[in-house]
Each structure stands twice: as structure tokens, then as C-alpha cells.
Amino acid sequence: MALHVMDEANRCLGCKVPQCQKGCPISTPIPQVIRLLKEGHLDEAGRVLFENNPLTTVCSLVCNHENQCEGHCVLGRKGAPVHFSTIENYISSTYANKMTQGPAPSNGMRAAIIGSGPAGLTIAVILARYGYNVTIFEGKDRIGGVLRYGIPEFRLPKSVLDDFKYRHLDLKGIKFRPNTHIGGAIGIDDLFRDGYKAIFVGTGVWKPNALHIKGETLGHVHFGINYLNNPDSYELGDRVIVIGAGNAAMDVARTAIRKGVRQLTCFSITKKVAASHHEFSYAQLEGVRFEYNKAPVEITDEGVIFKDVIEDENGHFTDVSGSQQLYPADSVIISISQGPQNRIVNTTQGLAADARGLLVADETGHTTRPGIFASGDVVNGARTVVEAVAHSKIVAESMHQYMQSLASTEEAAKQ
């Protein structure tokens with residue numbers, strides 16, 4: 001693999017104005033990383049990657065590279081772009097095995113992280129670098145959030161997350177409390193009582209969006225985010241219909257095919273899928289079928305009744321009369337995005353949410369209650385991993401400034 005990586009690195013033009021870096025939501029210094037690799041400084045290249053993006057090993061595998069770094073590469077205008085995803089994965093995974101440094105010197109202040117998805121992990125790592133005593137509270141039994149329970153193993157091996165926990169949490173002294181729901185036995189106020197100076201909420205979006213049509217509660221109907229959580233607990237049968245055609249729906253479809261489904265069809269209300277071309281191409285290659293401009297009307301024991309719709313240039317839909325048709329299926333999976341749970345909002349005074357249940361926060365992560373910060377999907381709705389990391393870097397610095405201001409105020413009060 002290393003030879004292939006060097007071949008890709010040698011194709012890089014080293015542009016003075018790197019469009020690849022502009023296309024990256026987290027502004028990865030791609031030309032610098034490639035230059036260091038070509039000069040034989042792999043460890044330095046790895047250090048640069050991790051300092052810019054704590055989740056670089058993850059993003060190298062799951063980012064939508066075709067629309068980001070690689071999609072902006074000038075070589076891609078007439079041929080194949082430099083595949084930086086391959087370069088990043090090689091450097092980051094190789095360098096990660098050498099990361100053994102222990103915790104930073106403690107500054108004596110506690111910070112709580114609720115949720116161990118991309119946002120929470122990013123915040124935890126950055127605050128630990130500053131010497132904060134960080135504890136992560138996670139409702140499930142392992143770290144990762146959507147990375148572990150919403151992205152299939154074939155796209156993101158669980159071993160990557162397990163290694164992240166060891167290198168970035170365990171070795172850095174970050175504490176992890178699994179199977180702990182904040183808003184249940186423990187609340188936000190309990191955390192403040194016990195000396196946490198700032199609290200980050202990154203609980204993601206785990207509540208499936210429903211179609212609100214007849215038949216949605218039947219026994220052979222499931223939601224995509226629930227299916228991806230533990231595919232082995234489902235008996236889907238031979239014929240499956242997936243309602244939805246975004247990237248999450250592609251994950252559902254490709255997972256189901258791997259679990260033995262013989263015939264799987266994704267239904268899209270639009271004239272083309274919402275998923276990236278990359279994910280769509282893989283799904284097609286693996287045997288997933290697609291139907292377009294179909295809107296679900298009712299789910300029955302036999303399958304799903306769809307109607308044809310006409311989509312105009314403004315994205316508005318018009319029903320085609322007399323077009324209703326039953327498409328047979330043993331199981332139906334609804335995959336049309338997710339919304340937030342509201343346990344923390346309902347149990348915390350002064351914490352506001354919008355009409356969709358998303359936490360209200362400014363661009364630096366401050367919520368409506370002092371000391372509580374938020375970013376990621378629970379603020380912005382379902383977005384990409386790298387977008388969550390990029391925003392969370394800003395929020396981590398905001399939390400650091402807030403806690404340092406508290407320390408200054410407390411020190412002044414003693415004088």
C-alpha cells in the first residue's frame with residue numbers, strides 16, 4: 001500500500017493556492033502533509049493531521065471526498081484527482097500506532113461531555129490537551145455514537161474506534177462512563193453540583209423521522225437508524241423496500257444485502273438519489289435497485305403502496321392520478337433522516353430548543369444557559385462527520401475561554 005500512496009503523493013502539483021484545502025470543511029493542510037510525506041517525515045505529517053483533526057483516521061474513511069478535497073483537486077478537471085483519502089488513511093493509521101504520550105498536566109478544572117459521537121470526542125480531546133479533567137457520559141456501552149451505531153462495519157471498522165479510545169481517551173486520562181443517560185438518574189444540575197465548570201451536549205439525532213402514513217406501526221416495518229444500530233437482530237426476509245435514498249439509506253441497503261437480503265429496492269421521491277455519487281455507485285454495483293419519483297401512500301402486510309409524482313424545477317411535487325401501485329416486500333425500512341431526543345431539554349431549566357427539538361446555540365456553541373455548550377447534529381441536524389468536527393473545534397476553544405474566565409474571576413475574588 002505504501003508504494004501506491006507514494007504514487008498518489010507524487011501526483012500532487014503542490015498548488016500555491018490549494019483548492020483541495022479550500023474544499024475541506026476542516027481546512028486540512030493537504031499540500032503540507034503531502035510534502036512532509038514525500039520528504040520522508042511521516043510522523044510529522046501524522047502529527048499535523050491529528051492536531052488539525054482529532055478524528056483524522058475516521059474522516060479518511062467516511063468523508064464525502066468526491067465533494068470535498070478530491071472534488072476540488074485541479075487534476076480532477078481533466079482526469080483523476082489526487083486521492084488524498086488514501087494518503088490520509090495511510091499516514092494517520094500508521095502514525096496512530098506510535099501515539100503513546102500520557103495526559104497533559106492538570107489545570108484542576110472539570111469538564112463534562114455528554115455524548116461520544118464525532119462532536120463529543122473532538123471536544124474531549126481538545127480540552128484534554130489543555131489539561132482539563134474530562135469525563136464523557138455515553139448512553140450506550142461503547143464510544144462512537146453515530147460512528148459506531150450508524151455507520152456500517154464495512155465503511156468504518158469498529159477497530160478504528162477501539163484504537164481511538166485507547167490512544168486518545170485512555171492514554172490521555174479522559175474518563176468514560178458508559179450506559180449513562182443524562183436526564184435520567186443524573187441530570188445537568190448534578191454535574192454542576194459536582195464541580196464541572198462547563199458541560200458540552202453532543203447527543204446527536206437518534207429519533208427517526210416518521211412518514212406518518214397508515215401501516216407504519218406494522219411488525220415488518222423498521223427505521224433505518226435503528227436497523228444500523230444492530231442489524232443482526234433483524235429478520236428481514238428475501239425482499240426489502242428501503243424508503244429513502246440518502247447516504248444513510250445506502251448504508252442500510254448495502255448492509256441488508258450483506259446480511260442475506262436477495263432483492264432490495266430503494267425508493268426516492270426525487271428524480272435522482274440524495275446520496276453521493278460514490279455511495280450510489282457502490283449500492284448499484286452490489287445489486288441495489290432504485291425507483292424514482294415515487295411517494296409512499298400506505299404500508300400493508302404485503303408491501304408498500306406508492307404513487308407516482310412529478311417534480312418541477314423548484315422541487316415541488318404533483319401527484320399523478322391513478323398511479324397507485326403495490327410493491328411487494330417482506331420488510332420495509334424507513335430511512336428519511338433523524339431528529340433529536342429531548343430528554344436533556346425536558347429535565348434542564350434554562351436550556352432552549354427550537355421547533356424541531358434542536359438545541360439553540362450560537363456559532364461558538366453557547367446555549368441559552370451559561371456553562372452549557374453544544375454543537376454537532378443536536379444543534380445543526382444531521383450533517384457530515386467532518387462538519388461536526390470542524391464546528392466542535394470552535395466550540396472547544398469557546399469552552400476553554402469560558403472556563404479560563406471563571407478561573408480568573410475566582411482568583412480575583414480570593415485577593
Return the [atom1] to [atom2] distance between [X] and [Y], rounded to the nearest 0.5 Å.
| X | Y | atom1 | atom2 | result |
| --- | --- | --- | --- | --- |
| R47 | N52 | CZ | CG | 11.5 Å |
| T180 | D141 | OG1 | CG | 11.0 Å |
| H41 | L37 | NE2 | CG | 10.5 Å |

Run the salt-bridge test on [X] and [Y] with the 4.0 Å N-O cut-off and return the result as yes or no.
| X | Y | answer |
| --- | --- | --- |
| K158 | E153 | yes |
| K393 | E397 | no |
| K165 | D162 | no |
| R258 | E286 | yes |

Side-chain donor-acceptor contact under 3.5 Å, [X] with [Y]:
| X | Y | answer |
| --- | --- | --- |
| E88 | T28 | no |
| Q401 | S398 | no |
| T57 | S92 | no |
| Y132 | K197 | no |

Requested in this report: For atom CZ of F154, decide whether the heavy atoms of other residues, nucleotides or ligands shown that lie under 6.0 angstrom number more than 12.
Outcome: yes

Okay, side chain of [X], backbone of [Y]: is any donor-acceptor separation there less than 3.5 Å?
| X | Y | value |
| --- | --- | --- |
| E66 | H278 | yes |
| R289 | F267 | no |
| R369 | L351 | no |
| E138 | S116 | yes |
| S392 | V395 | no |
| S335 | G224 | no |
| H316 | D312 | no |
| T368 | A352 | yes |
| E70 | F84 | yes |

Does the side chain of [X] reach to within under 4.5 Å of the side chain of [Y], using non-hydrogen atoms?
| X | Y | value |
| --- | --- | --- |
| N380 | H391 | yes |
| V48 | P29 | yes |
| V58 | I151 | no |

Query raised in the report: Would you call the rings of H400 and Y130 parallel, tilted or perpendicular if under 30° counts as parallel and over 60° as perpendicular?
Result: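 Ring orientation of H400 relative to Y130: parallel.
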
Query raised in the report: Between V221 and G215, what is the shortest heavy-atom contact and its length?
Result: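 For V221 versus G215, the nearest heavy atoms are CG2-O, 3.6 Å.
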
Query - Among C59, C63, P25, S60, side chain to side chain contact (heavy atoms under 4.5 Å, CB included) partner for N53 - result: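 Exactly one candidate clears the test, C59.
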
Report task. Sorted by first residue and then second, give each ring pair (Phe, Tyr, Trp, His ring centres under 6.0 Å) pair with at least one member in residues 168-209; sequence neighbours left out. Result -> F50-H168, F164-H168

Report summary line: T265 meets the side chain to side chain donor-acceptor pair (under 3.5 Å) criterion, sequence neighbours left out, with none

